[in-house]
Trainee: 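Here you go, one structure.
Whatever order the structure lists ligands and atoms in, that order sets their numbers, starting from 1.
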Amino acid sequence: MAEVVHTPRVFSGIQPSGGLTLGNYLGAMKRFVTTQDAGDMETIYCMVDQHAITVWQDPDKLRHATRELCAGFIAAGIDPEKSILFNQSQVPEHAQLGWIFNCVARMGWMQRMTQWKDKAGKNTQNASLGLFAYPALMAADILIYHATHVPVGEDQKQHVELTRDIAIKFNNDYGVDFFPVTEPVIEGAATRVMSLRDGSKKMSKSDPSDMSRINLTDSADDIAKKIRKAKTDPEPLPDTVEGLADRPEARNLVNIYAGLADLTPEQVIADHAGQQFGTFKPSLADLAVAKLEPISAEMSRLMQDPAEIDRILARGAERARTIATPILKRTYQIVGMVGA
Ligand code: AMP
Ligand code: TRP
């Protein structure tokens, strides 16, 4: 069996299931932009609306959130000419390959997923079948482009590993070397941005407390207020990063500072050692406002022309399909489907 060498290609997705948070920005989007601008790999970024509906979404809100997410991508620096930017449901090959992967993946693999356990809660019988099968669709998102690199936040590592398992099982079952074994790319200071109210929980768009997160659409005043009120401990900042070990809230604020300023946590500590939070928080708030306000302003500007956003998404879907269609056709041939 000849070893297939796959061209390096980057894919990642974000769910349009509410507003974007600082966690999405630092853990995902900002890194998507860096990868795009490095220019050495093709970059494909997707609004995964079919993932969003694994839990209930009001149709008008879903449409709005998808367009707003697209505006967020562009405002953060994704150039729809340089990258392929689109929404999942406009490229039906994702769902088509997803079905094949539903037949490759095993129930036991899905049952182990921590996101399933968290999102399904106690009453698993009442969760949607889509929520359970979610990681197989995610594998299809990635593998329908033969993507080799997937930049994500820490919380998605398990899903990317499952994508590798699906690719390996498919290749073994059919005796081919067709799908690449994808690498998760999880790097930087802020791959796990935590809640501002509880350093043990990740910052999330679905947290009931708005004070727990910074939204990319928050006003400068809201950003400053949320940082001022963020939970901390009474100690000043330590002299070394090791001194943050048992201080999750303090560590989170240092990581956020590092992510926003493109510094390492070590550099942030070197500059702010011994400071009280009364001093550090206002510096962090100024930095956050300076970095996020231009993005938020650009998002509102783009949202005034939803027709233009829809054109960008349609064009992105067309470009995505030129890659996805032949890969789906070849998959159908491998599986033995007549007519492919
Ligand atoms: P989601 O909003 O769940 O669709 O997540 C989209 C991307 O943002 C994924 O790559 C996540 O890993 C990343 N992400 C979401 N929340 C956080 C967070 N609190 N810290 C770091 N990355 C995050
Ligand atoms: N599961 C991801 C999340 O909840 C979103 C996602 C869907 C994704 N498909 C993907 C991320 C493919 C990377 C690659 O954040």
Side-chain angles (χ1 to χ4, degrees), residues 9-33 35 43-55 57 65-66 68-69 72-73 76 86-89 91 94-95 97-98 101 110 113-116 118-119 130-131 133-164 166-167 182-207 212-216 248 251-252 255-256 258-260 320:
R9 186 179 275 154
V10 176
F11 179 93
S12 198
I14 300 187
Q15 299 191 53
S17 53
L20 280 165
T21 69
L22 180 66
N24 294 133
Y25 177 64
L26 293 177
M29 239 170 211
K30 188 165 185 280
R31 299 165 52 223
F32 298 173
V33 175
T35 311
T43 44
I44 309 177
Y45 299 122
C46 182
M47 279 125 266
V48 287
D49 48 7
Q50 288 168 312
H51 277 99
I53 61 163
T54 55
V55 298
Q57 303 294 331
T66 304
E68 192 175 73
L69 179 53
F73 268 110
F86 69 104
N87 64 312
Q88 188 183 28
S89 57
V91 181
H94 289 238
L97 184 62
F101 287 169
M110 301 294 165
M113 295 293 112
T114 52
Q115 185 169 303
W116 156 252
D118 290 348
K119 280 198 165 180
L131 187 67
Y134 179 116
L137 181 59
M138 177 159 163
D141 298 337
I142 297 167
L143 295 174
I144 196 69
Y145 303 102
H146 277 185
T148 53
H149 294 75
V150 181
V152 279
E154 190 64 47
D155 62 320
Q156 294 302 315
K157 187 166 180 226
Q158 202 184 24
H159 288 159
V160 182
E161 282 164 358
L162 190 114
T163 300
R164 296 162 64 91
I166 290 180
T182 304
E183 289 296 329
V185 185
I186 301 169
E187 53 197 28
T191 52
R192 192 163 167 78
V193 177
M194 308 310 280
S195 157
L196 298 178
R197 309 301 305 163
D198 176 351
S200 68
K201 269 180 29 194
K202 87 164 182 170
M203 182 181 286
S204 159
K205 43 188 139 185
S206 58
D207 193 309
S212 71
R213 64 178 156 262
I214 292 175
N215 306 297
L216 289 197
R251 188 177 59 210
N252 188 38
N255 285 347
I256 291 175
L260 285 168

Trainee: With heavy-atom distances below 4.0 Å as the criterion, list the atoms of ligand 1 near Arg192.
Mentor: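 Counting from 1, the qualifying ligand atoms are 20 (N), 21 (C).
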
Trainee: Would you check whether Ala190 has a nitrogen or oxygen atom less than 3.5 angstrom from a nitrogen or oxygen atom of ligand 1?
Mentor: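 No; every N/O pair is 3.5 Å or more apart.
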
Trainee: Which is it for Met29 and ligand 1 at heavy atoms under 4.0 Å: side chain, backbone, both or neither?
Mentor: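 The answer is neither; Met29 stays 4.0 Å or more away.
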
Trainee: If the test is side-chain contact (heavy atoms from CB on, under 4.5 Å), which one of Ile44, Thr43, Thr182 qualifies with Arg9?
Mentor: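 The option that passes is Ile44.
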
Trainee: Is it the case that the side chain of Thr21 and the backbone of Ile214 share a donor-acceptor pair, with hydrogens and angles ignored and the cut-off at 3.5 Å?
Mentor: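 Such a contact is absent between Thr21 side chain and Ile214 backbone.
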
Trainee: Please determine if Met203 has a nitrogen or oxygen closer than 3.5 Å to a nitrogen or oxygen of ligand 1.
Mentor: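 It does: an N or O of Met203 is found under 3.5 Å from an N or O of ligand 1.
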
Trainee: Suppose we measure from atom 4 (O) of ligand 2 to each protein heavy atom; which comes out shortest, and what is that distance?
Mentor: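 Nearest protein contact, heavy atoms only, for atom 4 (O) of ligand 2 is Tyr134 OH, 2.8 Å.
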
Trainee: Looking at ligand 1, does any of its N/O atoms fall within less than 3.5 Å of an N/O of Lys205?
Mentor: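 Yes; the residue has a nitrogen or oxygen that sits under 3.5 Å from a nitrogen or oxygen of the ligand.
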
Trainee: Check whether any N or O atom of Gly23, backbone or side chain, sits under 3.5 Å from an N or O atom of ligand 1, and answer yes or no.
Mentor: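 N/O-N/O distance below 3.5 Å exists for this pair.
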
Trainee: State the atoms of ligand 2, each with its element, that fall below the 4.0 Å cut-off from a heavy-atom position in Phe11.
Mentor: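 Within the 4.0 Å cut-off of Phe11, ligand 2 contributes 12 (C), 14 (C).
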
Trainee: Would you check the N or O atoms of Ser12, main chain and side chain alike, for any that come under 3.5 Å of an N or O of ligand 2?
Mentor: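 By distance alone, the answer is no.
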
Trainee: What atoms of ligand 1 come within less than 4.0 Å of a heavy atom belonging to Gly27?
Mentor: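 It comes down to these atoms of ligand 1: 21 (C), 22 (N).
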
Trainee: Which one holds for Val48 and ligand 1: side chain close, backbone close, both close, or neither close, with close meaning a heavy atom under 4.0 Å?
Mentor: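 Neither part.
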
Trainee: Do any nitrogen or oxygen atoms of Asp155 come within less than 3.5 Å of a nitrogen or oxygen of ligand 1?
Mentor: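 For ligand 1, there is an N or O atom that lies under 3.5 Å from one belonging to Asp155.
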
Trainee: Quick check on contacts: which atoms of ligand 1 are under 4.0 angstrom from a heavy atom of Thr191?
Mentor: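 Ligand 1 atoms under the 4.0 Å threshold to Thr191: 20 (N), 21 (C), 22 (N).
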
Trainee: At a 4.0 Å threshold, what atoms of ligand 1 neighbour a non-hydrogen atom of Gln15?
Mentor: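 Going through ligand 1 atom by atom, the ones under 4.0 Å from Gln15 are 4 (O).
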
Trainee: Where is the nearest protein heavy atom to atom 9 (N) of ligand 2: which residue, which atom, and how far?
Mentor: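 The closest heavy atom on the protein side is Asp141 OD2, 2.7 Å.
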
Trainee: Could you grab the distance from atom CD of Gln158 to atom OG1 of Thr163, nearest 0.5 Å is fine?
Mentor: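 One finds 11.0 Å between CD of Gln158 and OG1 of Thr163.
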
Trainee: For atom 10 (C) of ligand 2, which protein heavy atom lies nearest, and how many Å away is it?
Mentor: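 Its nearest protein heavy-atom neighbour is Met138 CG, 3.5 Å.
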
Trainee: Could you list the atoms of ligand 1 found under 4.0 angstrom from a heavy atom of Ala28?
Mentor: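 Listed by number with element, the hits are 7 (C), 8 (O), 10 (O).
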
Trainee: Could you walk me through whether His149 and Phe11 pass ring-ring contact (aromatic ring centres under 6.0 Å, His included), step by step?
Mentor: CA-CA 7 Å; His149 294 75; Phe11 179 93; over 10 Å; no

Trainee: Please state which protein non-hydrogen atom is closest to atom 5 (C) of ligand 2 and give its distance, to 0.1 Å?
Mentor: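 Checked against all protein heavy atoms, atom 5 (C) of ligand 2 sits closest to Gly13 O, 3.6 Å.
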
Trainee: Minimum distance, heavy atoms only, to atom 1 (P) of ligand 1: which one of Asn24, Leu22, Ile186, Leu69 is it?
Mentor: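 Among Asn24, Leu22, Ile186, Leu69, the closest heavy atom to atom 1 (P) of ligand 1 comes from Asn24.
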
Trainee: Heavy-atom pairs closer than 4.0 Å: do any link ligand 1 to the side chain of Val193, the backbone, both, or neither?
Mentor: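 The answer is both, backbone and side chain.
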
Trainee: So Phe86 and Tyr145, would you call those rings parallel, tilted or perpendicular, with 30° and 60° as cut-offs?
Mentor: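 The arrangement is perpendicular - the two ring planes meet at more than 60°.
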
Trainee: Measure the distance from atom 3 (C) of ligand 2 to every protein heavy atom, then report the residue, atom name and distance (to 0.1 Å) of the closest one.
Mentor: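 Closest protein heavy atom to atom 3 (C) of ligand 2: Gln156 NE2, 3.2 Å.
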
Trainee: N/O to N/O below 3.5 Å, does that happen between Asp155 and ligand 2?
Mentor: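 No; the residue has no nitrogen or oxygen that sits under 3.5 Å from a nitrogen or oxygen of the ligand.
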
Trainee: Near Gly153, which atoms of ligand 1 are under 4.0 Å from a heavy atom of that residue?
Mentor: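 Counting from 1, the qualifying ligand atoms are 10 (O), 11 (C), 12 (O), 22 (N).
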
